[in-house]
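Only one structure is covered here, and it is reproduced in the block below.
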Amino acid sequence: MNNQINMPEISEIVTNPGNVRQKDYKIADLSLSSWGRLEIEIAEKEMPGLMAIRQKYSQDKPLQGVRIMGSLHMTVQTAILIETLVALGANVRWASCNIFSTQDHAAAAVVEKNVPVFAWKGETLEEYWWCTLNAMIWPDGNTPQLIVDDGGDATLLMHKGLAVEKDPSLLNCPTDNKELQVVNRLLAKVYHTDSSFWHRAVEQWVGVSEETTTGVHRLYHMQKDNTLLVPAINVNDSVTKSKFDNIYGCRHSLVDGICRAMDVMLAGKNAMICGFGDVGKGSAESLSGQKCKIFVSEIDPICALQACMAGYNVCTIEDILKTADIYVTATGNKDVITAAHMSKMKDQAIVCNIGHFDNEIQVDALNDWPGIKKINIKPQVDKYIFPDGHCIYMLAEGRLVNLGCATGHPSFVMSNSFSNQVLAQMDLWKNRREIGVYVLPKELDEEVAQLHIDKLGAKLTKLRPDQASYIGVPINGPFKPAHYRY
Ligand code: NAD
Ligand code: RBV
């Protein structure tokens, strides 16, 4: 990463944000902005939902002056989300939600339009959390009113920051978790500079919309523990998000990531997918489309049965270690592929994760494996040679491979996800709900789908009044009851 731009100390940013930051952004290279803009222009045509929302609300500006901070992969698609929020009047700042997922040309194009972005491809963990904090502090010292979160890291900083101010001894709790150590160090610096920073930040905070399954799990945990501080909208469980992005997005971008990383023939290979939820289903289809033989591991008998019905083999990871060529974790769970598993894998196995966090594969334990040799082949592709001579390839250091080794989901599917994000942000600002976790109403879900079908030349059948009363639904929708699963 270029470090020509200074990275001011956290204490300086907290006390004097308007003056210490030489420039109110930090990205890899601003000169990439015209390339980024050209790709954004291609993507705009592929994001009809987002562009229609922009057009519908850009006169009224329902988010006029609202301070929105985003922690979500800084890609071309996200650039269009950001610029839609700006078109609706918002005052936006952004960081990525993963150290490898930024597209530097997209970040440059956004900065060129005067939106502060703190993100570049290949951050260290310290840089990542520094970026998240910077995206949260406006030059006048104010903090966000709304957050767009993906995985819950911005939400975590707010909650943990406040908890530390209430009980500073939390900073001394020992932890082996390297990322938590980084977060604790950052929070200690903020606390020792300004011991009421997070109290004031939480007072300004109105709500959060959460993009992904893992972030949503965190929100429901906090709701259950009565620790959630603001109303939250679960964007992931809009049907037009999880049943599209998580499935069809991964169907597209998993193979993209593996091919860009390894450039290897996939047909005929044995591929193990751990987890057969939405992402697992898309991942299995992705590799099966390339004619891999698919094996699935699951803990849930319903999902295991679904995998059987799709024609896949269901087995445990231990059953397949000697035969699988490719492993993909898609569980949102931890320690799914252990270092011990990798020590027994077939020579030249490719190991990657498409779940949100990097704890699905034991990469730290792999690095610490006695006698292991690590060779970096290129950014985000590492070869590990075990003492017995067999090797494995680890993609994106166990971080989500579609964003680490490729560019994430394509624009069309992200238009669905991000249309829900914008509707959620408008809802949070307008409706001032009680603290809790909500999903958007089905009418809006159907509206998001409606905004996308024309682009594909699809023509809907109009329900007749007699048919509507026969099946018991309103003539203009919603066409399904809340419990329908799609
Ligand atoms: P999900 O809950 O629908 O599916 C996860 C599945 O994993 C479940 O069926 C569960 O039973 C299974 N599982 C849990 N522990 C397991 C274990 N030890 N072994 C085998 N199976 C196990 O969740 P999802 O929506 O599919 O999301 C999965 C992960 O992917 C989450 O972290 C989510 O945030 C992330 N995600 C990533 C992308 C991307 O672009 N990379 C896109 C969407 C979601
Ligand atoms: N995701 N974003 C992209 N191209 O910007 N690709 C995937 C992109 C999101 C997706 O919505 C998923 O829920 C989340 O990344 C996981 O972090």
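Remember, it's 1-based here, ligands and their atoms both numbered in the order they're listed.
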Is the closest basic N to carboxylate O distance between Lys480 and Glu446 below 4.0 Å? no
Residue pair Thr75 / Thr78, side-chain donor-acceptor N/O under 3.5 Å: yes
For the residue pair Phe386 and His390, categorise the inter-ring angle as parallel (less than 30°), tilted (30 to 60°) or perpendicular (more than 60°). parallel
Could you tell me the residue and atom name of the protein heavy atom closest to atom 23 (O) of ligand 1, and the distance to it rounded to 0.1 Å? Thr213 CG2, 3.5 Å
Among protein heavy atoms, which lies nearest atom 30 (O) of ligand 1, and at what distance? Gly355 CA, 3.4 Å
Counting non-hydrogen protein atoms only, what is the nearest one to atom 26 (O) of ligand 1? Give residue, atom name and distance. Val279 N, 2.8 Å
Counting only nitrogen or oxygen atoms and a 3.5 angstrom limit, does Asn402 reach ligand 2? no
Leu400: numbered ligand 2 atoms lying under 4.0 Å from its heavy atoms: 16 (C), 17 (O)
Looking at ligand 1, does Gly249 have a heavy atom less than 4.0 Å from it? no
Considering only heavy atoms, does Ser253 approach ligand 1 within less than 4.0 Å through its side chain, its backbone, both, or neither? neither
Would you say NZ of Lys322 has more than 12 non-hydrogen atoms from neighbouring residues, nucleotides or ligands within 6.0 angstrom? yes
Protein residue, atom and distance nearest to atom 10 (C) of ligand 2, heavy-atom basis: Asp245 OD2, 3.2 Å
Is it the case that atom CG in Asp225 sees more than 12 heavy atoms from other parts of the structure closer than 6.0 Å? yes
Ignoring hydrogens, what is the shortest heavy-atom contact between Val239 and Lys442? Give both atom names and the distance. CG2-NZ, 4.4 Å
Tell me whether Arg185 is salt-bridged to Glu126, with the criterion being a basic N under 4.0 Å from an acidic carboxylate O. yes
Indicate yes or no: does Arg218 engage Asp153 in a salt bridge with an N to O separation below 4.0 Å. yes
Ligand 1 atoms nearer than 4.0 angstrom to some heavy atom of Ala330 are 5 (C), 28 (C)
Atoms of ligand 2, numbered as shown, that sit under 4.0 Å from any heavy atom of Thr407: 4 (N)
Hey, is Leu72 touching ligand 2 through its side chain, its backbone, both or neither, going by heavy atoms under 4.0 Å? neither
Relative to Phe118, does Arg93 satisfy both conditions: NZ or CZ under 6.0 angstrom from the six-membered ring centre, and within 45 degrees of the ring's axis? no
How far is atom 2 (N) of ligand 2 from the closest protein heavy atom, and which atom is that? Met414 CE, 3.3 Å
Please list the nearest protein heavy atom to atom 5 (C) of ligand 1 with its residue and the distance rounded to 0.1 Å. Thr331 O, 3.5 Å
Please could you name the atoms of ligand 1 that Asp300 approaches to less than 4.0 Å, counting only its heavy atoms? 11 (O)
Calculate, to the nearest 0.5 Å, the distance between atoms CE and CE belonging to Met272 and Met345 respectively. 9.5 Å
For Ile302, I'd like to know if atom CD1 has over 12 heavy atoms of other residues, nucleotides or ligands within 6.0 Å. no
For Gln55, does the CD atom have more than 12 heavy-atom neighbours from other residues, nucleotides or ligands under 6.0 Å away? no
Which heavy atom of the protein is the closest neighbour of atom 6 (N) of ligand 2, given with residue, atom name and distance? His409 N, 3.0 Å
NZ/NE/NH1/NH2 to OD/OE distance under 4.0 Å, Asp237 and Lys241: no
Below a 4.0 angstrom heavy-atom separation, can you tell me which part of Asn402, side chain or backbone, both or neither, approaches ligand 1? side chain
Considering non-hydrogen atoms of the protein only, which is the closest contact for atom 32 (O) of ligand 1, and what is the distance? Thr214 OG1, 2.6 Å
Can you confirm whether the side chains of Ser71 and Thr132 place a donor and an acceptor under 3.5 Å from each other? no
Any N/O pair Asp278/ligand 1 closer than 3.5 Å: yes
Nearest-contact summary for atom 14 (C) of ligand 2 - protein heavy atom, Å: Asp150 OD2, 3.2 Å
List every atom of ligand 1 that sits less than 4.0 Å from any heavy atom of Asp245, numbering the atoms from 1 in the order shown and giving each element. 42 (C), 43 (C)
Under 4.0 Å from a heavy atom of Ile354: give me the atoms of ligand 1 that qualify, with their elements. 30 (O), 37 (C), 38 (C), 39 (C), 41 (N)
Can you list the atoms of ligand 2 that are under 4.0 Å from a heavy atom of Thr78? 5 (O)
What residue and atom, counting heavy atoms only, is the protein's closest point to atom 4 (O) of ligand 1, and at what distance? Gly277 CA, 3.2 Å
For atom 8 (C) of ligand 2, which of the options Thr75, Val76, Asn98 provides the nearest non-hydrogen atom? Thr75
Atom 14 (C) of ligand 1 has as its nearest protein heavy atom Ile299 CD1, 3.6 Å
Going by the atom numbers of ligand 1, which of them fall below 4.0 Å from some non-hydrogen atom of His356? 30 (O), 31 (C), 32 (O), 34 (O), 35 (C)
For atom 12 (C) of ligand 1, the option (of Glu210, Glu298, Glu360, Lys281) bearing the nearest heavy atom: Glu298
Counting only heavy atoms not in Lys291, do more than 12 fall under 6.0 Å of its NZ? no
Atom 34 (O) of ligand 1 [closest protein heavy-atom partner, distance rounded to 0.1 Å]: Thr212 OG1, 2.7 Å
Give the single entry among Cys303, Gly151, Gly275 that approaches atom 21 (N) of ligand 1 most closely by any heavy atom. Gly275
Which atoms of ligand 1 sit under 4.0 Å from any heavy atom of Ser297? 20 (C), 21 (N)
Which value, rounded to the nearest 0.5 Å, describes the distance between Leu187 atom CG and Trp129 atom CH2? 8.5 Å
Heavy-atom pair of closest approach, residues Cys250 and Val279: SG-CG1, 3.7 Å
What do we get for Asn333 next to ligand 1 when only non-hydrogen atoms under 4.0 Å count, side chain, backbone, both or neither? side chain
Could you see which bit of His356 sits under 4.0 Å from ligand 2, with heavy atoms only: side chain, backbone, both or neither? side chain
Enumerate the atoms of ligand 2 whose separation from the nearest heavy atom of His73 is less than 4.0 angstrom. 1 (N), 2 (N), 9 (C), 14 (C), 15 (O), 16 (C), 17 (O)
Please determine if Lys56 and Glu447 form a salt bridge, counting it only when a charged side-chain N lies under 4.0 Å from a carboxylate O. yes
Ligand 2 atoms nearer than 4.0 angstrom to some heavy atom of Gly408 are 4 (N), 6 (N)
Starting from atom 13 (O) of ligand 2, find the nearest protein heavy-atom neighbour and note its residue, name and distance. Lys241 NZ, 2.7 Å
Tell me, yes or no, whether the heavy-atom count around Asp176 atom CG, taken from other residues, nucleotides or ligands under 6.0 Å, exceeds 12. no
Are Tyr486 and Tyr484 an aromatic pair, judged by ring center distance below 6.0 Å? yes
